[in-house]
Amino acid sequence: MKPWKLILTLGALLLAAPAPARAADPIVIKFSHVVAVDTPKHKAAEKFRDLAAQYTDNQVKVELYPNSQLYKDKEELEALQMGAVQMLAPSLAKFGPLGVKEFEVFDLPFLFDNYEDLHKVTQGAVGKGLLDKLTARKILGLAYWDNGFKQMSANRPLLTPADFQGLKLRIQSSKVLEAQMRSLGANPQVLPFSEVYQALQTSLVDGTENPVSNFYTQKMHEVQKHMTVSNHGYLGYAVIVNKAFWDQLPEAIRSQLEKAMAEATRFANTIAKEENDKALELVRQSGRTQIATLTPEQRLAWKKVMVKTHRDMEGRIGTELIRAIHQVTGFDPDTL
Ligand code: LMR
C-alpha cells in the first residue's frame with residue numbers, strides 16, 4: 001500500500017474507533033463565602049473539599065469561592081435558594097433576612113463565656129432545633145462551624161460603655177446586634193462584610209466588631225487605631241446546602257459527604273481558637289492597632305449595660321429559646 005493510502009486508512013480507522021470510556025463528570029458543589037482564605041472558615045471548607053473528594057473517589061468536586069468573589073452576604077443566600085450555588089456557611093447573624101430570625105439568639109452579648117458552653121448549645125437539642133427550622137426555607141443545615149468571640153474596634157480607646165456614645169459602628173444584618181450597639185449608645189450601620197474595610201477607611205463608619213481572624217485578614221488593623229479584647233459576643237457559622245440538591249444525591253454519595261462534613265466540622269472547631277489567637281498576635285506585631293484587654297471590672301460594666309438586650313429581644317427571638325440557652329450555660333441575667 002502506498003504510504004499516503006496507509007495514512008488515510010489509519011486515519012479513517014481512528015475516526016471510526018469508539019471514544020475511550022470517560023469517567024462520569026463529577027458532581028460539583030459550589031461553596032461560596034465572604035471571608036479571606038487565611039481564616040478558620042476557609043480552612044475548614046478546604047478540609048471538606050479534600051475529604052469529599054477522597055471519600056467519594058473524586059465523584060464529588062467541591063469548588064470554593066472565597067472573599068465574596070461570587071456573592072455578597074445577602075446575595076449568597078438568594079443564590080443558594082435558586083440553586084446557583086449549593087453550599088454556604090453564613091454567620092449565624094445573617095439568617096434574619098431569610099426569615100429564620102431565631103438564629104440571632106447567638107448574637108446576644110455575653111451569652112457564652114467560652115467555647116465549651118457554646119458547644120453545649122450548638123451540639124445539643126437547641127442547635128439541632130434551629131437547623132431544623134431551615135427546611136421550611138428549602139435549605140438544609142448540616143453543621144455549626146466556629147469562628148470565635150468578637151472584639152470591638154474604633155479609632156479611639158473603648159474601655160467603658162461611655163466610650164461608645166455616638167459612634168457609628170458597622171454590624172451584620174441582625175436586629176440583636178442593632179439592639180446591642182444601641183444599648184451602648186452607638187449608632188449601628190448594617191453593611192455587607194465585603195464593604196467594611198472601605199467603610200472604615202473612608203470613615204463611613206467609626207468602628208466595628210468581629211473575631212480577630214476576620215479583623216486581621218481584612219486588614220482592618222490598617223484602618224482602626226484601637227481594639228478592645230472584650231469577647232463580648234460570639235460569631236460562628238451554619239453550614240447549609242440547597243435541600244433539593246442534597247436530597248437528589250445518590251444515597252452512597254450523600255453518606256460519604258456527611259462523613260466528610262462531620263470530620264471537617266471537628267477540624268473547624270479545633271482550629272478556630274488557635275487561628276484567632278494567632279491573628280491577635282499578628283495585629284499586635286503590626287503595631288498599627290493598639291490592643292487593650294478589659295479588666296474583669298470593666299467587662300462587668302459592659303455586661304451590665306449590654307445584657308439588657310436579652311430581655312429586649314425576647315419578642316423577636318422567643319423567650320423560651322433564650323431561656324433554654326441560659327439553662328444550658330447556667331447564666332442568669334437577674335444576678336448581674
Ligand atoms: C461579618 O459579616 O462580619 C462576618 O459574618 C463575616 C464572616 O462570614 O465571618
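Just so you know, ligand 1 is whichever comes first in the structure, and atom 1 is the first atom listed for that ligand. Bear in mind that the values here come from a model prediction, so they are computed numbers and not experimental data.
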Report task. Indicate yes or no: does an N/O atom of N214 lie under 3.5 Å from an N/O atom of ligand 1? Result -> yes

Query raised in the report: Is Y237 close to ligand 1, meaning an N/O of one under 3.5 Å from an N/O of the other?
Result: yes

Query - ligand 1 atoms in contact with K94 (distance to a heavy atom under 4.0 Å) - result: 1 (C), 2 (O), 4 (C), 5 (O), 6 (C)

Report task. Return the orientation label for the Y216 and H221 ring planes: parallel under 30°, perpendicular over 60°, tilted otherwise. Result -> parallel

Query raised in the report: atom 1 (C) of ligand 1: which protein heavy atom is closest, and how many Å away?
Result: F193 CD1, 3.3 Å

Report summary line: Quick note on ligand 1: atoms under 4.0 Å from a heavy atom of S91 include exactly 5 (O)

Requested in this report: May I ask you to decide if the ring planes of H232 and W302 are parallel, tilted or perpendicular, using 30° and 60° as cut-offs?
Outcome: tilted

Query - Parallel, tilted or perpendicular, as decided by the 30° and 60° cut-offs, for the rings of H33 and H42 - result: tilted

Query raised in the report: What orientation do F112 and Y234 show, parallel under 30°, tilted 30 to 60°, or perpendicular over 60°?
Result: perpendicular

Query raised in the report: Atoms of ligand 1 less than 4.0 Å from L235 heavy atoms?
Result: 4 (C), 9 (O)

Query raised in the report: To the nearest 0.1 Å, how far is atom 7 (C) of ligand 1 from its closest protein heavy atom, and which atom is that?
Result: V35 CG1, 3.3 Å

Report summary line: Rounded to the nearest 0.5 Å, the CZ atom of R316 sits from the CG atom of L321 at a distance of 12.5 Å

Report task. Specify side chain, backbone, both or neither for N210, according to which of its non-hydrogen atoms lie closer than 4.0 Å to ligand 1. Result -> side chain

Query raised in the report: So does Q123 have more than 12 non-hydrogen atoms from other groups sitting under 6.0 Å from CD?
Result: yes

Report summary line: Per-atom filter on ligand 1: closer than 4.0 angstrom to a heavy atom of K41 are 7 (C), 8 (O)

Report task. Would you mind finding which of K150, Q172, R170 brings a heavy atom closest to atom 5 (O) of ligand 1? Result -> Q172

Requested in this report: Following the transitive rule for hydrophobic clusters with a side-chain heavy-atom cut-off under 4.5 Å over Ile, Leu, Val, Met, Phe, Trp and Tyr, establish whether F193 and Y71 coincide in one cluster.
Outcome: no

